[in-house]
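Input: a single structure, listed below in structure tokens.
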Amino acid sequence: MSAGAGIRVLPAGLSAVLVEVADGERAAALHAELLRRRAAGELPGVTEIVPAARTVLVAGVADPRAFAAEVAGWDLPPVAARPGAVVELPVRFDGPDLADVAALWRTTGGEVVRIVTGTPLRVAFCGFAPGFGYLTGLPPQLHVPRRATPRTGVPAGSVGLAGPYAGVYPRASPGGWQIVGTTDAPLWDAGRDPAALLAPGTAVRFVAVR
């Protein structure tokens, strides 16, 4: 997979650039390749690498034009989950939208649980709230729309689906994702190092509990 297809490199400050790519798969692959090259000492000066849905913010770039030309020629291998143990999140599949998701998938609630717990997930990027990871891995035919009317309050620990993503609300907030369950896992703890349980590249598996 080439990074050059549809790539744009935009200034984002005195020594930072925002790299826009064609899709989420390329963004995740570019993020992984930037981390690999920085670890190998090939990106001197780069201090931060922050992925998003279709962009990667890179701070500490001395020559944005040269950087853009270099990145455009990279061959990006398929992204793999970050090495290490899979983070297992125990989930009670008691969400108010479980039946709606089952109807969208033309199946039963039990089958939704089986699919969600049996699908390897990976944190593509983090955002929205501290500790919130956007999890990818569900096949395109199982993507679901956001709720037509967002809720004014979604409890902390709610497990939701929206578009190509799954995610867990680390704190109570408004939200429009389809809520299929709840977990007691601490997604964010300011007294922990690192504070976020999930980081980009982390492999995640939902485990059904009563």
Side-chain angles (χ1 to χ4, degrees), residues 1-87 121-137 146 160 162-171 173-177 186-204:
M1 178 170 57
S2 170
I7 190 173
R8 295 177 63 201
V9 179
L10 306 173
L14 294 177
S15 62
V17 295
L18 188 69
V19 185
E20 292 185 348
V21 291
D23 50 43
E25 182 182 0
R26 280 185 175 83
L30 176 60
H31 175 246
E33 184 67 8
L34 285 164
L35 290 178
R36 186 192 70 77
R37 289 178 182 251
R38 184 175 66 172
E42 299 176 19
L43 299 174
V46 170
T47 56
E48 287 189 84
I49 303 170
V50 184
R54 290 178 54 188
T55 62
V56 181
L57 177 69
V58 186
V61 176
D63 187 340
R65 287 191 177 183
F67 178 80
E70 181 182 358
V71 170
W74 287 354
D75 183 32
L76 303 177
V79 68
R82 175 177 294 181
V86 176
V87 174
L121 302 171
R122 180 184 56 80
V123 182
F125 59 96
C126 297
F128 168 62
F132 188 96
Y134 288 78
L135 310 178
T136 58
R146 294 170 59 91
Y165 304 114
V168 181
Y169 286 72
R171 64 186 184 193
S173 68
W177 288 37
L187 276 293
W188 177 264
D189 182 352
R192 182 176 59 196
D193 186 21
L197 179 64
L198 306 180
T202 302
V204 178

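Computed over heavy atoms, backbone and side chain alike; hydrogens, waters and symmetry mates excluded. The chain is numbered in sequence order, starting from 1.
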Separation of Glu20 CD from Thr55 OG1 (nearest 0.5 Å) |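 Here the rounded value is 7.0 Å.
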Could you point out which residue of Val56, Val61, Val58, Leu30 forms a side-chain contact (heavy atoms from CB on, under 4.5 Å) with Val71?
->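 When side-chain contact (heavy atoms from CB on, under 4.5 Å) is applied between Val71 and each of Val56, Val61, Val58, Leu30, only Leu30 qualifies.
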Is there a side chain to side chain contact (heavy atoms under 4.5 Å, CB included) between Tyr165 and Leu135 once you walk through the steps?
-> CA-CA 5 Å; Tyr165 304 114; Leu135 310 178; over 6 Å; no
Could you report the tightest heavy-atom contact between [X] and [Y], atom names first, then the distance?
X      : Y      : answer
Ala27  : Ala52  : CB-O, 3.9 Å
Ala129 : Pro170 : CB-CG, 4.1 Å
Arg26  : Asp23  : N-OD1, 2.8 Å
Leu198 : Cys126 : O-SG, 3.8 Å

side-chain contact (heavy atoms from CB on, under 4.5 Å) filter on Ala68, not counting sequence neighbours, yields Val9
Set of side-chain contact (heavy atoms from CB on, under 4.5 Å) partners for Pro130, sequence neighbours left out | Arg171, Trp188
Residues Leu34, Val46; criterion side chain to side chain contact (heavy atoms under 4.5 Å, CB included); working and verdict = CA-CA 9 Å; Leu34 285 164; Val46 170; over 6 Å; no
Glu48 vs Leu57, side chain to side chain contact (heavy atoms under 4.5 Å, CB included): CA-CA, chis, key distance, verdict | CA-CA 8 Å; Glu48 287 189 84; Leu57 177 69; over 6 Å; no
Any pair with a residue in residues 34-43 that passes salt bridge (Lys or Arg N to Asp or Glu O under 4.0 Å), sequence neighbours left out, goes on the list, sorted by first then second residue, please.
-> Glu33-Arg36, Glu33-Arg37, Arg37-Glu42
Which pairs with one or both residues in residues 50-67 pass salt bridge (Lys or Arg N to Asp or Glu O under 4.0 Å), sequence neighbours excluded?
-> none
Who passes ring-ring contact (aromatic ring centres under 6.0 Å, His included) against Phe132, sequence neighbours left out?
->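 Listed in chain order: Phe128, Tyr134, Tyr169, Trp177.
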